[in-house]
Amino acid sequence: MRYSIGDLARRTGLTIKAVRFYSDRGLVPPSGRNTAGHRRYDDAAAARLDLIRTLRDLGVGLAAIRRIIDGETTVADVAARHAEALELEIRVLRLRRAVLTAVARRGSTPEETSLMHDLARLSEVERRRLVDDFLADALGDRPELAGVARTLTPELPENPSPAQIDAWIELAGLAQDAEFRAILRRLVDRHEGLRRGLAAEVRDAVTPALEAGVAPDSPQAAAIVDGLGRPPAELREWLGTVNDPRRERYLELLAVINGWAAPESLTPALDWLTAATA
């Protein structure tokens, strides 16, 4: 069967101008001409044009399409390379979206925007170096805290979700917060480190009181404080450090990045104990 340029355009959904463009560049050569000198195309040309339209819709460039048509490569090879390129582009777009979303939500200054963009673009090695520096500064070179360091280490997956990217940007900012590092150092140096001992004791002792509606200034509350076996002054000092909202926020962000379940909030128990020891 013979087709005119108009026939091919109607068949493929392309414009006549587009069909003529591909024909002029030798991608869809005519099989002949009619008596009036108008180009005519056969079924093979129509099939080739269908392939070109499909590949162009998928974003494949004309140079790659020509190599396919000339037999220099295959559709499968081009598709594989194009898919890899698209994957990289998707990652970049995800990073950009996460940064822009964070900037819009926080009302960031130009300086903060630049910092967040830089944090989002860090390589895996650079991310590891940033986290290792943070943990070394906050925890020190203490072998007994090696397990704690592992539980505080974010592991951004190879193909992170927008939420994980956003969480990484915020966590990386916290890791560079000198005050937050100092808070962790105080927890390590002055109290029970970051081990769960006292925090778990407080949770187990205070949570039932919270659920029962026990007032923090009641005799029952005083008994709970006494049962923790620490002087109130020592508890108040510990609470002043451990109840900083940045500590809990770090754990929340860490769970998002690592794909863990959201951590249980200790803030209500810590707030209650702060009032009970006042």
Side-chain angles (χ1 to χ4, degrees), residues 1-34 37-105 113-114 116-128 154-170 172 256-259:
M1 187 172 180
R2 300 291 179 175
Y3 305 95
S4 66
I5 285 182
D7 293 333
L8 285 183
R10 286 187 292 274
R11 174 189 172 101
T12 60
L14 296 170
T15 64
I16 291 176
K17 182 179 180 180
V19 175
R20 185 174 288 114
F21 172 84
Y22 295 131
S23 181
D24 289 345
R25 277 154 181 75
L27 295 173
V28 187
S31 57
R33 293 180 180 269
N34 63 10
H38 297 148
R39 287 177 279 195
R40 289 292 182 265
Y41 301 87
D42 56 17
D43 288 331
R48 180 178 290 187
L49 189 60
D50 282 334
L51 174 62
I52 292 172
R53 183 203 59 187
T54 299
L55 293 174
R56 290 297 287 156
D57 285 346
L58 292 172
V60 178
L62 289 179
I65 291 174
R66 184 177 296 280
R67 290 198 301 274
I68 293 172
I69 290 174
D70 292 344
E72 297 174 3
T73 187
T74 66
V75 173
D77 288 340
V78 170
R81 290 195 297 272
H82 198 60
E84 291 175 1
L86 282 176
E87 182 60 34
L88 292 175
E89 185 176 348
I90 288 169
R91 292 181 191 177
V92 171
L93 290 175
R94 283 176 175 169
L95 289 173
R96 289 177 181 172
R97 180 174 65 176
V99 172
L100 291 172
T101 300
V103 168
R105 186 180 65 250
T113 301
S114 178
M116 286 191 290
H117 183 235
D118 290 341
L119 291 174
R121 295 173 62 242
L122 292 178
S123 68
E124 182 179 355
V125 172
E126 291 169 329
R127 289 197 302 271
R128 173 66 67 177
E155 298 284 354
L156 195 66
E158 183 177 352
N159 294 304
S161 68
Q164 287 173 313
I165 295 171
D166 192 21
W168 160 252
I169 293 172
E170 186 175 347
V256 173
I257 295 169
N258 290 354

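- Expressed to the nearest 0.5 Å, how far CD1 of Ile257 lies from CG of Asp166 amounts to 9.5 Å.
- Here the closest non-hydrogen pair linking Ile165 and Arg94 is CD1-CB, 3.8 Å.
- For Arg121, the CZ atom sits in a loose shell: 12 or fewer heavy atoms of surrounding residues, nucleotides or ligands are nearer than 6.0 Å.
- Side chain of Arg25 to backbone of Arg66: no donor-acceptor contact under 3.5 angstrom is found.
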Note to self: Test side chain to side chain contact (heavy atoms under 4.5 Å, CB included) on Arg20 and Thr15; report intermediate values, then the result.
What the structure shows: CA-CA 9 Å; Arg20 185 174 288 114; Thr15 64; over 6 Å; no
Next item on the list: Test side chain to side chain contact (heavy atoms under 4.5 Å, CB included) on Arg67 and Asp77 and set out the steps.
Entry: CA-CA 11 Å; Arg67 290 198 301 274; Asp77 288 340; over 6 Å; no
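- Checked by atom type and distance alone, the side chain of Arg56 pairs as donor or acceptor with a backbone atom of Val60 at under 3.5 Å.
- Among all heavy-atom pairs drawn from Gln164 and Gly259, the shortest one is NE2-N, 4.4 Å.
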Note to self: Run Arg39 and Ser4 through side chain to side chain contact (heavy atoms under 4.5 Å, CB included) and show every step you take.
What the structure shows: CA-CA 6 Å; Arg39 287 177 279 195; Ser4 66; over 6 Å; no
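- Taken to the nearest 0.5 Å, the CZ atom of Arg40 stands 10.0 Å off from the CG atom of Leu8.
- Without hydrogens or angle criteria, His82 side chain to Leu55 main chain gives no donor-acceptor distance under 3.5 Å.
- Considering every non-hydrogen atom in both Pro29 and Gly26, the closest pair reads CD-O, 3.6 Å.
- The 12-atom threshold is not exceeded at CD of Glu124, counting heavy atoms of other residues, nucleotides or ligands nearer than 6.0 Å.
- Summarising the geometry of Ala64 relative to Val78, their closest heavy-atom pair is CB-CG1, 4.1 Å, with the distance given to 0.1 Å.
- Trp168 approaches Leu119 most closely through the heavy-atom pair NE1-O, 3.0 Å.
- The two residues Val28 and Ser23 make their nearest non-hydrogen contact at O-OG, 3.3 Å.
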Item checked: side chain to side chain contact (heavy atoms under 4.5 Å, CB included) evaluation trace for Phe21 with Leu62 -> CA-CA 11 Å; Phe21 172 84; Leu62 289 179; 3.7 Å; yes
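- Using a 4.0 Å cut-off between a side-chain N of Lys or Arg and a carboxylate O of Asp or Glu, Arg127 and Glu155 do not qualify as a salt bridge.
- Distance NE2/His117 to CG/Leu100: 8.5 Å, rounded to 0.5 Å.
- Separating the CG atom in Leu88 from the CG atom in Leu93 is a distance of 11.0 Å, to the nearest 0.5 Å.
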Donor-acceptor pairs under 3.5 angstrom involving side-chain atoms of residues 43-54: please list them, not counting sequence neighbours.
{"from": "Asp43", "atom 1": "OD1", "to": "Tyr3", "atom 2": "OH", "distance (Å)": "2.7"}
{"from": "Arg48", "atom 1": "NH1", "to": "Leu27", "atom 2": "O", "distance (Å)": "3.2"}
{"from": "Arg53", "atom 1": "NH1", "to": "Thr12", "atom 2": "O", "distance (Å)": "2.7"}
{"from": "Thr54", "atom 1": "OG1", "to": "Asp50", "atom 2": "O", "distance (Å)": "3.0"}

